[in-house]
Amino acid sequence: MGEVARRSTKYNELKIEMVTKTIAFIMSAVSFLPAKSLKAAVLSPRGWLVSARSTFRKARILKEVFAERSKEHDKYGGDPDQPHKLHIVTRVKSTMRRPYWEKEMVKHLGLQKAHVPVIHKNTPAVNSQLKFVKHLVRIQPLQTPYGLPAEQDMADAFLNSKGELIVRRLLQPVARISES
């Protein structure tokens, strides 16, 4: 064997040893990953790119969170069998230093000005939008103690601070009983 052949053999041995050490280091670093993720990493074109979401198997949300909360209906004056039809939504906190999606949702819901009530329907679509900004808003049920107003009575209707829709035209003065 010549000098050149001996050098190339030694070079190949060093290269194999270095690759073996690198593989051992990588395997020790990713030993916490499940076999499915490791297989995906080996088979993917970029072996180092493994989704972090695929590594989580068990939900980290406590079971108490999903417990039935029927007691809260009494606390907020609601009835689970007959939910209210309309929400009164009022923005009570600023959107400054909040993410762009919260600012867009506040604008979409018409809550640009603080402490100005806006009425929305109690539908799943609106409720899912309100979920994004629930820490910025106050949500109250719209109560109609005197029933829904007719179209001609809408000009005389107003919201009081308790979330009740009052129609002035429907309120009648108390008749005095004359003494005879």
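Both backbone and side-chain heavy atoms feed into the values below; hydrogens, waters and symmetry mates do not. Each residue takes its place number in the sequence, starting with 1.
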(message) Counting C-beta onward and ignoring hydrogens, is there a side-chain heavy-atom pair between L159 and E164 closer than 4.5 Å?
(response) no
Mind listing the closest non-hydrogen atom pair of [X] and [Y] along with its distance?
X	Y	answer
P117	I88	CB-CG2, 3.7 Å
H87	N127	NE2-OD1, 2.9 Å
T95	L136	CG2-CD1, 4.1 Å
S94	R98	O-CG, 3.8 Å

(message) Is it the case that the side chain of R91 and the backbone of K93 share a donor-acceptor pair, with hydrogens and angles ignored and the cut-off at 3.5 Å?
(response) yes
Distance in Å, [X] [atom1] paired with [Y] [atom2], rounded so as to fall on 0.5 Å steps:
X	Y	atom1	atom2	answer
L111	H120	CG	NE2	5.5 Å
R97	K103	CZ	NZ	10.0 Å
T123	L86	OG1	CG	10.0 Å
M105	K131	CE	NZ	11.0 Å

(message) Side-chain heavy atoms nearer than 4.5 Å, only ILVMFWY residues, links allowed to pass through others: does that put V118 and L142 together?
(response) no
(request) Following the transitive rule for hydrophobic clusters with a side-chain heavy-atom cut-off under 4.5 Å over Ile, Leu, Val, Met, Phe, Trp and Tyr, establish whether L165 and I119 coincide in one cluster. (result) yes
